[in-house]
Amino acid sequence: MKKFKNDKERIAFLEDYRNRDNGWYLLKHDPILQRTWWCYDLPDKTMLVVEEEKRTFSWPNIHTAWVVLHWYIVPDLESCPIFGDCVASRSLALAKIKEIEKAARNENET
């Protein structure tokens with residue numbers, strides 16, 4: 001996992017979930033529902049998943065955009081086979097990254 005200096009960098013990483021160069025990958029795309037799930041595998045085997053949906057807006061002009069519906073923190077597919085049971089938020093994803101970084105630092109100190 002990339003090393004971050006501060007929360008600003010961590011949040012930028014989370015917001016850039018479509019960037020395959022940062023380790024994010026397309027988990028699933030449903031063309032009928034116009035929903036996409038992006039995934040990032042954390043070192044502890046946890047998956048961060050972002051679900052987005054394409055929506056049409058009428059203001060300030062008619063346009064479509066992808067909107068984040070949910071964040072998920074999936075410990076593993078066996079313990080959480082239904083993504084809906086693992087709903088989280090960007091703030092919880094940020095906390096999970098910090099937790100993994102702290103564990104890595106503690107492991108390196110011993």
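Small disclaimer: the values here were computed from a predicted structure and weren't measured. The figures here come from the full heavy-atom set of this structure, side chains too, leaving out hydrogens, waters and symmetry mates.
Aromatic ring orientation, Phe13 versus Phe4: tilted (interplanar angle from 30° to 60°). Ring geometry for Trp24 versus Tyr17: interplanar angle over 60°, hence perpendicular rather than tilted (30 to 60°).
Judged as a side-chain hydrogen bond (donor to acceptor under 3.5 Å, both in side chains), the pairs with a partner in residues 84-96 (not counting sequence neighbours) are, in order, Glu15-Arg90, Asp44-Lys96, Lys96-Glu99.
Closest non-hydrogen pair, Lys2 versus Glu101, comes out as O-OE2, 4.3 Å. Taking each heavy atom of Trp71 and Leu14 in turn, the nearest pair found is CH2-O, 3.4 Å. For the pair His29 and Pro31, the tightest heavy-atom approach, listed with the atom from each and the gap, is O-CD, 3.5 Å. Looking at every heavy atom in both residues, Leu27 comes nearest to Cys39 through CB-CB, 4.0 Å.
The CZ atom of Arg10 sits 11.5 Å away from the NZ atom of Lys3 when rounded to the nearest 0.5 Å. The distance from atom CD of Glu52 to atom CZ of Arg18, rounded to the nearest 0.5 Å, is 4.0 Å. Here CG of Asp16 is found 13.5 Å from CD1 of Ile11. Values are rounded to the nearest 0.5 Å. The CD atom of Glu51 sits 10.5 Å away from atom CH2 of Trp66, with the distance rounded to the nearest 0.5 Å. The structure places OG1 of Thr46 at 5.5 Å from CD1 of Ile100, a figure rounded to the nearest 0.5 Å. In this structure, CD1 on Ile32 lies 6.0 Å from CG on Asp30, to the nearest 0.5 angstrom.
Side-chain heavy atoms closer than 4.5 Å link hydrophobic residues (I, L, V, M, F, W, Y) into clusters, and following such links, possibly through other members, connects Leu92 to Tyr40. Criterion: ILVMFWY side-chain heavy atoms under 4.5 Å apart, direct or through other members. Under it, Leu69 and Leu48 are not part of a common hydrophobic cluster. Side-chain heavy atoms closer than 4.5 Å link hydrophobic residues (I, L, V, M, F, W, Y) into clusters, and following such links, possibly through other members, connects Tyr25 to Val49.
Looking at Leu26 and Thr36, their side chains come closer than 4.5 Å, going by heavy atoms from C-beta outward. Proximity of Asp7 to Lys98: side-chain heavy atoms (C-beta onward) are separated by under 4.5 Å at one or more points.
Aromatic pair Trp37/Tyr72: centroids not less than 6.0 angstrom apart.
When the side-chain hydrogen bond (donor to acceptor under 3.5 Å, both in side chains) test is applied to Glu53, the partners found at least two apart in sequence or on another chain are Arg35, Arg55. By the disulfide (SG to SG under 2.5 Å) test, Cys86 is found to be paired with Cys80, residues two or more places apart in sequence or in another chain being considered.
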